[in-house]
2 protein chains.
Amino acid sequence: MSSRLWLASLCAATLLPLTALAAPERTFPSELGTLQVSTLAEGLKHPWALAFLPDGQGMLVTERQGNLRIVLADGKVGAPLSGVPQVWAKGQGGLLDVALSPSFKQDRMVYLSFAEGDAKGDKAGTAVGRGRLSPDLSRLEDFNVIFRQQPKLSVGNHFGSRLVFDRDGYLFIALGENNERATSQDLDKLQGKVVRILPDGTVPDDNPFVGQSSVRPEIWSYGHRNQQGAALNPWTGELWTNEHGPRGGDEINIPKPGKNYGWPLATHGINYSLLPIPEAQGKQVKGAVDPHHVWEKSPAISGMAFYDNERFKAWDHSVFIGALAAQEVIRLKLEGDKIVAEERMLGQLNARVRDVRVGPDGFLYVLTDEEDGELLKVGLQP
Amino acid sequence: MSSRLWLASLCAATLLPLTALAAPERTFPSELGTLQVSTLAEGLKHPWALAFLPDGQGMLVTERQGNLRIVLADGKVGAPLSGVPQVWAKGQGGLLDVALSPSFKQDRMVYLSFAEGDAKGDKAGTAVGRGRLSPDLSRLEDFNVIFRQQPKLSVGNHFGSRLVFDRDGYLFIALGENNERATSQDLDKLQGKVVRILPDGTVPDDNPFVGQSSVRPEIWSYGHRNQQGAALNPWTGELWTNEHGPRGGDEINIPKPGKNYGWPLATHGINYSLLPIPEAQGKQVKGAVDPHHVWEKSPAISGMAFYDNERFKAWDHSVFIGALAAQEVIRLKLEGDKIVAEERMLGQLNARVRDVRVGPDGFLYVLTDEEDGELLKVGLQP
């Protein structure tokens, strides 16, 4: 696809008219009506996350190998923005999540999570930084790193990560354990944790472990595996996260301060090779919080978006989650926090779903994790 | 796992007592009752197919990298048999299907399909040969190749293949198109075909294209993609095959002589990259037979077994199919040839299913396609 992006002669801010898309709008059945799916953009290289700019200015989209691009509402894809940090793009590593500052209209701050290599480039960890989006949308200015997962342990796996601001402006970072299982229980390490920081990277005084020796004060909750979805529940203001189990046992958690979510001591996964995970003690372990929801068969979930919009009333009080291995979008119906029904959607696309977001227009936006990835816009037929 | 197989000091025919399996019998819910699943053998390296020996002597199991082994009814795994041909074990290539001669008790002939490299080893095609199983079950004697897919075009993809004898002793070979799409429609090539030969490899006089110039007389049907399942319908005596679609569009066909099953002109698949497959004209094309059954979302199907046994009456008139990507066993309920219901089973195992067979004891036997693959025995709780 990249040959269809006329990259050669462009200055950074130019928006690229893609050639007209061959695919018409497609329709698929779903439980709550006919889905209308249009391909807003294609030719994205393993897109990982998107964030909506205000006032219909389009979206910021990350591509895993390190590019941040603007996609306009009509699907035009911009050239890579400059000022984005160098990322460690190996295995599952690279440029990952993107989020706007809650006060973006004033500060124009864009937050990115990414895999950052160590000095030798052998191992990496997740890092988070922020920069100011230039008025012409061509670059991030004064990008600086505000958080680093320490120590750097990943040889390519389990970086997480998602960025969520809560209503009070705290920044939650949902992390992976770098495929170093035991670290999820080590409170002196930042693997397998949800952390909570202030927008400038400093640690809030009221974090649960502040003041304890040998414990990282950034930690909000621990015992997580590889968290690739997180969102703020719009009806409660609480953080929800989701994570991949080892083989089975994908989970949704509602991380509470100081709590242990069990990995690798407690897991619902069936182990590879039927050999037990050395540390695993069972599905439930004393002192660890059970997952809010668990899939015994792993869809390999990624992305998370609550539906709180007037446009498609049938979707109200749902949460959407992408599925990589299952190649679907999962819709969970909520009553309060309780998950009362599950629908699988868009399996006909046969595409790995990396991220799902609800746009300000009430449509569901879906990123497919492919070498030639797509940004899909999904709605219900009236 | 291989360290648990005490291979070092064994003569070929020795049967290896595996250490006791850690996994107890597991139970899972299913539509027709509780499934009981026991791991009969593990530590098989990407097992691909199995065939039951008569008189409770166990099974022959292929491993993709080239080994043929005996697994006894109690799960003891034998050392690799000698006399098995050298296989081209790259990509999807290697040792594939295994079938016994219909008159095995008299002739002891074992048929194997496998990827065979060209002289330079750069490309490969599917080949089929046969050898006599020695009385001590340690080797195949006088193995000779009776069929070669010509020309050899695969660089690692789409070898098929399955072997099925019909009631009259004809041997059907369900093949792949080596990922060379157009060849499925080329009648001078053996890619993307079902072929029908006699057990010694000669061509039956009544094959549909016998006597036509520039057409391979082995061909029974054409326009297939990558067929990885085939079985004889026990109630009609007809061959059924299944094949992978490109992205969506997995199919079941009931191949009839001389008929065109459409690939790549007709496909229900959604194309990679939304770029049309150059040759594709739609889901239905004049002159091509529609699939008997199609999945718009690809489970990535492999293996096929009709259930015609007294043991579990609830399964009567079902056909079982393995699913690699979907990591399930699919059970289709039949009324005549018509598929009237579909059940997904054993998703909780989170394992790629390469082959399914019904044993003479009425249990379902399942091979998982893993580096540490398992042979599972599945029944319904009384």
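Each chain gets a letter, A, B and so on, in the order the sequences are listed, and its residues count up from 1. Below, each value reflects all heavy atoms present in this structure, side chains not excepted, and no hydrogens, waters or symmetry copies.
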**Request:** Return the minimal non-hydrogen interatomic distance between A/Lys297 and B/Asn350, and the atom names on each side.
**Result:** CA-OD1, 3.3 Å
**Item:** Engaged part of B/Gln327 at the chain A interface, taking heavy atoms whose separation is under 4.5 Å
**Value:** both
**Asked** Is the shortest heavy-atom distance from the side chain of A/Gln348 to the side chain of B/Glu296 under 4.5 Å?
**Response**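 Heavy-atom side-chain distance check passes, below 4.5 Å.
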